[in-house]
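What you see is a predicted model; the values in this text were computed from it and never measured.
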Amino acid sequence: EGQLVQSGGGSVQSGGSLRLSCLASGFTFADPYMAWYRQAPGDECELVASISSDGDTYHLDSVQGRFIMSRDNAKNTVYLQMTSLKPADTALYYCALDVVTPPGILPQCPYGRAYFGRGTQVTVSS
């Protein structure tokens, strides 16, 4: 059974930076998508960034130019480098693995047949 182990996150002041990591192990899918979702209290779960096996990336408009998702295939790890953080970025962030293009919005995280990590809190204070 595959699992996604997340690390990173925490609390920073507005304008600060954080990096999230997600180690994938035990999966046998040939070309999975990896993604980062986030969910704030009372909100739906939104796709922040995704990366295909070919390295093609998607980033949510509101994080363009501030967040960068990358992957290290040799380490089976994906990263989300977050800079210029804003209070609006405060949420629980989830790493996800899917065999199809990750949807932009989910009713909640985790959801559906994709695999999710346990989530890590990111808190940005003003």
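To the nearest 0.5 Å, atoms CG (Leu18) and CD (Gln81) are separated by 8.5 Å. With values rounded to the nearest 0.5 angstrom, Arg118 atom CZ is found 11.5 Å from Leu92 atom CG. Between Tyr58 atom OH and Gln64 atom CD the span is 8.0 Å, to the nearest 0.5 Å. Atoms CG and NE2, on Leu47 and His59 in that order, are 10.0 Å from each other to the nearest 0.5 Å. To the nearest 0.5 angstrom, Asn73 atom CG is 8.0 Å from Ile51 atom CD1. In this structure, Met34 CE and Thr77 OG1 are separated by 8.5 Å, a value rounded to the nearest 0.5 Å.
Looking only at distances, no side-chain donor or acceptor of Thr83 sits under 3.5 Å from a matching main-chain atom of Ser17. The main-chain N or O of Gly26 is never found under 3.5 Å from a side-chain atom of Gln3 such that the two would form a donor-acceptor pair. Judged purely by atom type and a 3.5 angstrom limit, Glu44 has no side-chain atom pairing as donor or acceptor with the backbone of Ile105. Distance alone, capped at 3.5 Å, is enough to place a donor-acceptor pair between the Gln6 side chain and the Tyr93 backbone. Using a distance-only test at 3.5 Å, with no hydrogens or angles considered, no donor-acceptor pair links the side chain of Ser14 to the main chain of Lys86. At least one donor-acceptor pair under 3.5 Å links the side chain of Thr120 to the backbone N or O of Gly8.
Side-chain contact annotation: Thr123 with Gln121, donor-acceptor N/O pair under 3.5 Å present.
When hydrophobic clusters are built by joining Ile, Leu, Val, Met, Phe, Trp and Tyr residues whose side-chain heavy atoms come closer than 4.5 Å, directly or via intermediates, Val5 is not grouped with Tyr33. Residue Tyr79 is not grouped with residue Ile68 when hydrophobic side chains (ILVMFWY) are merged at heavy-atom distances under 4.5 angstrom, including chains of intermediate members.
More than 12 heavy atoms of other residues, nucleotides or ligands sit less than 6.0 Å from atom CG of Leu60.
Scanning both residues, Gly9 and Val122, for their nearest heavy atoms gives CA-CG2, 4.2 Å. Residues Phe27 and Gly2 approach most closely at CZ-C, 3.5 Å, considering heavy atoms. In this structure, Gly117 and Tyr94 approach most closely via the heavy-atom pair O-CD2, 3.5 Å. Leu106 and Cys109 get closest at one heavy-atom pair: CD1-SG, 4.1 Å.
With salt bridges taken as basic N to acidic carboxylate O contacts below 4.0 Å, one links Asp89 and Arg38.
For the pair Val78 and Cys95, the minimum side-chain heavy-atom distance is below 4.5 Å. Between Trp36 and Val63, the closest side-chain pair of non-hydrogen atoms is not below 4.5 Å. The side-chain heavy atoms of Leu23 and Asn76, taken from C-beta on, include a pair separated by under 4.5 Å. Taking the side chain as every heavy atom from C-beta outward, Pro102 and Tyr37 approach each other to under 4.5 Å. In this structure the side chain of Leu85 reaches within 4.5 angstrom of the side chain of Phe67, judged on heavy atoms.
Between Tyr115 and Phe29, the two ring planes are tilted [angle within 30° to 60°].
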Query - Worked check of side chain to side chain contact (heavy atoms under 4.5 Å, CB included) between Cys45 and Gln108 - result: CA-CA 5 Å; Cys45 188; Gln108 62 189 31; 5.5 Å; no
